[in-house]
Amino acid sequence: MAADTEWSQTGDHPDTEGTSLSEHGIRSDDVPPLAALGWDPIVETAWAGVTGDLVPGRIARVERGACTVALADGDRTARSTVPVAVGDWVGVRRHGPDVTVEVVTRRRSTLVRRDPEGLLQVLASNIDVVFVTAPADRLSAARIEREIVVAWDSGTRPVVLVTKSDLAEEGLVEDLRARLIGVDVIPTSTVSGEGTDLVAASLRPCRTAVLLGPSGAGKSSLANALLGAERLATGDVRSGDRRGRHTTTARQLLVVPGGGVLIDTPGIRSLSLAGGDGLARAFAEIEALAAECRFADCRHEGEPGCAVMAAAEAGRLDPHRMASFHKLQRELDFETRRDDPAGRREIQRQRKIRSKAARRYFQERGDRR
Ligand SMILES: Nc1nc2c(ncn2[C@@H]2O[C@H](COP(=O)(O)OP(=O)(O)O)[C@@H](O)[C@H]2O)c(=O)[nH]1
Ligand SMILES: [Mg+2]
Ligand SMILES: [Zn+2]
């Protein structure tokens with residue numbers, strides 16, 4: 001099983017001086033692997049609340065009914081008695097070759113999306129940075145803005161990576177920087193090598209980053225470049241529409257040899273907002289103007305005394321930014337409404353009706369055969 005040796009193959013572990021794992025009864029020769037997985041003082045604090053003779057590990061992969069947990073002495077396939085997400089620091093019990101995840105420690109951050117039915121799903125946890133990847137040959141600023149909102153909502157900070165910079169038209173990166181206010185934009189290419197050292201440096205000494213972005217953006221290729229090995233399968237982009245095939249099928253945690261942890265993800269078709277202060281942070285220039293609006297709850301959609309509209313009319317606000325902001329604001333309103341208990345019950349009722357209909361369909365089809 002390939003996933004079983006996920007991080008133990010990555011060779012050199014970063015310098016781990018200064019960790020005090022021994023206080024928790026973990027053998028000192030276990031320190032390097034755990035530190036390489038991102039164990040730091042914050043994890044240490046979270047772990048202090050774990051009682052019993054459990055061993056620490058980090059969830060590297062989640063599959064149906066099982067997960068892969070990275071332990072100090074290697075990866076193991078484990079059963080879990082609690083819901084886990086990639087990136088979780090967990091307490092596991094070992095009995096012979098069997099490993100059971102029993103505790104998930106408090107998450108410092110979670111990258112969350114809504115599934116199409118509005119339910120929240122944790123894509124990755126305990127991350128320090130979200131790499132919002134966008135391929136230079138089919139850049140969508142609106143998509144990037146959406147992902148920046150989701151990244152801020154996670155409780156961490158986004159960094160935009162313009163991938164395939166070898167294919168970028170002149171001025172593309174500068175234009176994007178002008179549009180996206182308050183985020184770093186780094187051009188990267190696995191063909192020319194541009195930017196990979198900057199990305200690697202941003203992961204040191206042991207930060208955890210998650211790669212977000214459409215399928216075919218070059219996430220797995222970039223991860224391979226950072227790992228210094230072809231660990232992940234990468235895909236040819238269909239030539240017709242340049243959309244990526246889903247070569248990456250599961251989220252996966254990987255240790256970067258020079259220090260840092262990467263979580264690769266498959267492309268997500270519909271990344272719905274989960275809610276939080278991400279919108280305000282992603283559109284900080286609009287938020288700053290909003291302080292001058294007459295109404296505290298102004299939506300900047302034509303209310304009298306709206307400072308945002310005034311700025312837009314005076315040409316001091318990018319109309320594309322305004323359009324993105326309004327679209328995401330409306331979507332967020334819709335999602336928030338879905339969160340109230342009555343809305344929730346209605347969604348569950350609909351789902352039952354649909355699954356019943358599906359069962360009936362398959363039964364009838366089976367009968368006819
Ligand atoms: N020109 C160019 N192509 C790239 C680069 N990085 C990846 N690709 C290609 O883009 C396609 C999709 O890459 P992949 O890493 O699988 O994307 P993912 O779906 O985001 O993981 C593959 O055919 C890669 O060879 C790059 O920096 N420049
Ligand atoms: Mg991939
Ligand atoms: Zn306003």
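Since this is a predicted model, take the numbers as computed values, not measurements. Note that ligands are numbered from 1 as they come in the structure, with each ligand's atoms numbered from 1 the same way.
- Remark: the backbone N or O of Leu161 is not paired with any side-chain donor or acceptor of Thr133 at under 3.5 angstrom.
- Residues Cys206 and Trp39 form no side-chain contact, since every pair of their non-hydrogen atoms from C-beta on lies 4.5 Å or further apart.
- Under a 4.0 Å heavy-atom criterion, Gly267 is not in contact with ligand 1.
- At the Zn ion (ligand 3), the angle from SG in Cys298 to SG in Cys306 is 110° when rounded to 10°.
- Atoms of ligand 1 lying under 4.0 Å from at least one heavy atom of Ser189, given by number and element, are 27 (O).
- For the pair Arg58 (side chain) and Gly87 (backbone), a donor-acceptor distance under 3.5 Å is present.
- Take the N/O/S atoms of His300: the one nearest the Zn ion (ligand 3) is ND1.
- Among the candidates Arg316, Glu313, His300, Glu301, the single residue satisfying the side chain to side chain contact (heavy atoms under 4.5 Å, CB included) test with Val308 is His300.
- Between Arg251 and Thr265, the closest heavy-atom pair is CG-CG2, 3.7 Å.
- Residues Asp128 and Thr156 have side chains that never bring a donor and an acceptor to within less than 3.5 angstrom of each other.
- For a threshold of 3.5 Å applied to N or O pairs, the pair formed by Asp166 and ligand 1 contains at least one separation below that value.
- With atom 7 (C) of ligand 1 as the reference point, the heavy atom nearest to it among Ser221, Ser165, Pro135, Ala136 is part of Ser221.
- Remark: ligand 1 and Thr234 share no N or O pair separated by less than 3.5 Å (distance only, no angle test).
- Residue Thr190 holds the heavy atom nearest to atom 5 (C) of ligand 1 of all those in Leu167, Thr163, Thr190.
- No chain of hydrophobic side-chain contacts below 4.5 Å, direct or via other Ile, Leu, Val, Met, Phe, Trp or Tyr residues, connects Phe334 to Leu279.
- Taking any N or O of Ala233, backbone or side chain, none lies under 3.5 Å from an N or O belonging to ligand 1.
- When the options Lys164, Lys219, Glu194 are ranked by their closest heavy atom to atom 4 (C) of ligand 1, first place goes to Lys164.
- For ligand 1, the polar-atom distance check against Ala217 finds a nitrogen or oxygen pair separated by under 3.5 Å.
- A salt bridge links Arg108 to Asp40: at least one charged side-chain nitrogen sits closer than 4.0 Å to a carboxylate oxygen.
- Listed by number with element, the atoms of ligand 1 under 4.0 angstrom from any heavy atom of Val191 are 1 (N), 2 (C), 26 (C), 27 (O), 28 (N).
- A continuous path of ILVMFWY side-chain contacts below 4.5 Å connects Val82 to Val50, so both sit in one hydrophobic cluster.
- With 2.8 Å as the limit, Ser220 counts as an N, O or S neighbour of the Mg ion (ligand 2).
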